[in-house]
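Heavy-atom basis, side chains included; hydrogens, waters and symmetry copies ignored.
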Amino acid sequence: MAAKQIEGSSAKPSFLSRVGTSFSSTVRSNFRPGAGIYSLTYGVAGGLVLSGLVYVGRTLNILLFDHEYYKLQSRKRFFEKQLLFSREQEETASAHYLASLAGEYDPVATRLPFKPLDAKYRF
C-alpha cells in the first residue's frame, strides 16, 4: 500500500487534468463528421480555399488576358490630341477675332468732343 501511495497510482487527478480531459473529449465528440461544429469549420475552410482560387484566377485573367487597359490608354491619347487641336483652333479664332476688332478700332471715337485724344487710347 505504501508503494502505491509513493508512486501516485491511486492519487486523485488534479483539477487541470480533469478539465483538460473533459475539454479534449468534448472537442473529439464535436469534431467528427456529421457534427454541427465540424460541418461549419469544414464549410469555412472550403470557402476560404474557394475564394483564394477565385482571387488567383481573376488576377491571372487580368495579367494575361486583359487588353482594356491598352484600349483606354489609346483613347486617352487620342482625346488629348483632339483637345490640343481644338484649343489651338480656339486660340487662332480668338486671335482673328481680336485682329478684326483692332481693325475696326477708331481711337477718335473715344475722345470727348472738341478735346484732344488721350495718349492711352493710341496704339
**Student:** Taking side chain as C-beta onward, heavy atoms only, is Lys76 less than 4.5 Å from Phe79?
**Tutor:**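 Lys76 vs Phe79: side chains apart.
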**Student:** Just jot down the side-chain contact (heavy atoms from CB on, under 4.5 Å) partners of Asp66, sequence neighbours excluded, or say none.
**Tutor:** Ile62, Glu68
**Student:** Counting only N and O atoms by type, is there a donor-acceptor contact under 3.5 Å from the side chain of Thr41 to the main-chain atoms of Ile37?
**Tutor:**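 Yes; at least one donor-acceptor contact below 3.5 Å.
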**Student:** By side-chain contact (heavy atoms from CB on, under 4.5 Å), which residues pair with Ser17, not counting sequence neighbours?
**Tutor:** Pro13, Ser14
**Student:** Is a side-chain donor or acceptor of Ser100 paired with a backbone partner of Tyr97 at a separation under 3.5 angstrom?
**Tutor:** yes
**Student:** Considering only residues two or more places apart or on different chains, which pairs with a residue in residues 86-105 satisfy salt bridge (charged side-chain N to carboxylate O under 4.0 Å, His left out)?
**Tutor:** none
**Student:** When rounded to the nearest 0.5 angstrom, what is the spacing between CD in Gln89 and OG1 in Thr92?
**Tutor:**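 Taking CD in Gln89 and OG1 in Thr92, the distance rounds to 6.0 Å.
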